[in-house]
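What follows is a short report on a single structure.
Proteins come first, then strands; the chains are lettered A, B, ... in the order of their sequence lines, and each starts at number 1.
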Number of protein chains: 2
Amino acid sequence: MAKRSGTGDVSSRVRLNRALVLDTAIAIADESGIESLTMRKLGEQLGVEAMSLYNHVANKDDLLTSMVDAVFAEIELPSHNDDWKSALRKRSVSFRDALSRHPWAIGVKGSGTNPGPATLRHHDRVIATFRNAGFSITMTAHAFSALDSYIYGFAMQEQSLPFTTEEETAAMAHILLAQLPTKEFPYLAELTAQHVLTPGYNYADEFPLGLDLILDGLERWL
Amino acid sequence: MAKRSGTGDVSSRVRLNRALVLDTAIAIADESGIESLTMRKLGEQLGVEAMSLYNHVANKDDLLTSMVDAVFAEIELPSHNDDWKSALRKRSVSFRDALSRHPWAIGVKGSGTNPGPATLRHHDRVIATFRNAGFSITMTAHAFSALDSYIYGFAMQEQSLPFTTEEETAAMAHILLAQLPTKEFPYLAELTAQHVLTPGYNYADEFPLGLDLILDGLERWL
DNA sequence: ACCTGAACACCGTTCAAGT
DNA sequence: ACCTGAACACCGTTCAAGT
């Protein structure tokens with residue numbers, strides 16, 4: 001009775017399975033951060049001892065890389081019905097949205113080493129979109145690298161910001177500005193005061209500008 | 001005598017200080033990866049118990065964020081003598097080089113929350129370069145975000161690759177290709193076989209292409 | 001086939017004690 | 001002022017034992 005508090009399963013306890021373990025792990029990482037996702041806590045949340053989890057995942061690394069593949073499964077694939085540019089624009093926005101919902105995903109190391117099926121599928125469809133638009137193999141590699149580097153890097157910068165809501169941003173910027181030696185860093189102070197502290201400022205709004213810059217540049221490559 | 005094996009100080013033991021602690025921590029992270037940088041191991045390397053380190057750093061978080069600031073100090077600042085584009089091009093290449101020498105630096109969370117003096121100085125000088133080139137405050141913010149997102153993301157993708165040398169790349173690509181269901185992922189297979197397995201392929205070579213794409217795009221914004 | 005309890009070899013960090 | 005030894009509350013993971 002005391003053991004079951006986590007999930008709130010009312011009737012009989014749900015039989016553990018890999019999908020349930022993954023979903024619960026993702027929920028914990030989303031809510032409390034990846035650093036608080038421990039095998040013991042995950043077990044507790046599922047009403048089970050930590051050691052039971054090893055019947056469903058090989059180890060914590062297996063758990064983490066599978067979680068990343070689950071995030072890739074959430075990304076909208078480029079559509080065959082759109083032209084290449086708007087197809088890739090939509091999937092890029094969807095990609096950033098997924099990384100924004102699951103900020104821990106970009107920090108999981110080793111997920112590039114052995115990508116899961118959803119990740120492979122996603123990459124294959126993006127490459128297909130470039131190739132069918134007329135990009136050569138070499139140019140496709142260049143384009144893919146440039147576009148996804150931007151998306152990953154944007155998500156990383158967004159994640160590293162110490163604020164999310166507009167109110168938090170304003171409050172944080174005020175504190176930073178107060179601490180900042182403005183004599184020494186005048187340009188940084190100016191940007192903070194006159195851009196970040198502007199009403200309605202939201203870093204996420206910067207995303208489409210850089211995205212279009214890159215997509216326009218890729219179009220020029222064609 | 002047994003205790004001093006790590007550093008190899010011959011004569012009297014070197015007095016511990018913050019700079020020595022930071023440099024040794026960076027050396028460990030560079031050589032063995034950030035996951036093997038523990039307070040106990042760092043102490044051992046310095047010929048001291050782990051607890052002594054707390055006389056020089058507040059805690060492990062303080063250590064990590066200070067290490068990141070030391071990496072920023074290695075980046076070449078944009079020169080006043082170059083035009084804005086080549087000044088930012090040089091510092092961008094230098095930025096990627098620094099992240100390539102210290103791949104753990106992009107994974108340190110919380111380093112964006114309270115940036116160190118070298119980081120602030122670096123940001124200030126990059127913003128200054130945009131402003132003096134004629135970018136408005138708003139356009140400077142857009143440009144800065146786009147450019148550094150690309151650099152961070154490229155470094156992250158580069159780091160997540162399971163190979164570094166050309167030989168490793170070819171060997172790894174062969175293995176990946178053999179495992180890959182080529183019927184299911186034909187475009188990914190094609191790119192791997194005909195681009196990655198090309199003699200002389202090196203992912204790092206992709207960097208300048210995306211960089212110039214972005215810098216040219218920014219120039220068009222002016 | 002799945003779950004558990006105890007144990008192992010680790011972590012970061014504290015605190016009182018030494019010099 | 002700096003360093004140490006013991007201890008605390010954690011980790012991931014193993015293994016034999018239970019059902």
May I have the distance from [X] (atom [atom1]) to [N] (atom [atom2]), rounded to whole angstrom?
{"X": "B/M39", "N": "D/dT4", "atom1": "CE", "atom2": "P", "result": "14 Å"}
{"X": "B/E44", "N": "C/dC11", "atom1": "CD", "atom2": "C1'", "result": "15 Å"}
{"X": "A/R15", "N": "D/dT19", "atom1": "CZ", "atom2": "P", "result": "17 Å"}
{"X": "A/K41", "N": "D/dA9", "atom1": "NZ", "atom2": "C1'", "result": "16 Å"}
{"X": "B/L42", "N": "D/dC3", "atom1": "CG", "atom2": "P", "result": "12 Å"}
{"X": "B/E35", "N": "D/dC11", "atom1": "CD", "atom2": "P", "result": "19 Å"}
{"X": "B/L64", "N": "C/dC11", "atom1": "CG", "atom2": "C1'", "result": "14 Å"}
{"X": "B/R18", "N": "D/dC2", "atom1": "CZ", "atom2": "P", "result": "13 Å"}

Check every strand shown and say whether A/M51 touches a base, only sugar-phosphate, or nothing at a heavy-atom separation below 4.0 Å.
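Result for A/M51 = base.
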Within the structure shown, what part of the strands sits under 4.0 Å from A/T38 by heavy-atom distance: base, sugar-phosphate, or nothing?
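If one applies the 4.0 Å heavy-atom cut-off, A/T38 turns out to touch the sugar-phosphate alone, with no base involved.
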If pairing requires Watson-Crick or G-U wobble contacts with both distances under 3.5 Å, which nucleotide is the partner of D/dG12?
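Per the H-bond distance test, C/dC8.
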Using purine N1 to pyrimidine N3 plus N6-O4 or O6-N4 for Watson-Crick, or N1-O2 and O6-N3 for G-U wobble, each under 3.5 Å, what pairs with C/dC3?
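None - no nucleotide pairs with C/dC3, as no candidate has both distances under 3.5 Å.
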Select from A/S36 and A/A58 the residue whose nearest nucleotide in DNA chain D is closer to the 5' end of that strand.
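Upstream on the strand: A/S36.
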Residue [X], side-chain atoms from C-beta onward, closest of [options]:
{"X": "B/K60", "options": "D/dC3, C/dC3, C/dG12", "value": "C/dG12"}
{"X": "A/E49", "options": "C/dT13, D/dG12, C/dT4", "value": "C/dT4"}
{"X": "A/H56", "options": "D/dT13, C/dG5, C/dC3", "value": "C/dC3"}
{"X": "B/S52", "options": "D/dT13, D/dA7, D/dC3", "value": "D/dC3"}
{"X": "A/N59", "options": "C/dT13, C/dC3, D/dT13", "value": "D/dT13"}

Parallel, tilted or perpendicular: which one describes the rings of A/F144 and A/F130, with boundaries at 30° and 60°?
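Ring orientation, 0 to 90° scale: tilted.
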B/R121 atom CZ, over 12 foreign heavy atoms within 6.0 Å
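For B/R121, atom CZ is not crowded (no more than 12 foreign heavy atoms under 6.0 Å).
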Where each residue is assigned the nucleotide of DNA chain C containing its nearest heavy atom, which of A/L53 and A/R40 is assigned the position nearer the 5′ end?
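The 5'-side residue here is A/L53.
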Just to confirm, is there a sub-4.0 Å distance from OP1 or OP2 of D/dT13 to any side-chain nitrogen or oxygen of A/Y54?
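Checking D/dT13 against A/Y54, a side-chain N or O does come within under 4.0 Å of OP1 or OP2.
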In the structure I gave you, are the side-chain heavy atoms of B/P186 and A/D124 within less than 4.5 Å of one another anywhere?
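Yes, side chains in contact.
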So, is the end of the A/R131 side chain (NZ or CZ) under 6.0 Å from the ring centre of B/Y187 and within 45° of the ring's axis?
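No; the conditions do not both hold, so A/R131 does not lie above the ring face of B/Y187.
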What residues form a side-chain contact (heavy atoms from CB on, under 4.5 Å) with A/Q194, not counting sequence neighbours?
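A/E190, B/I137.
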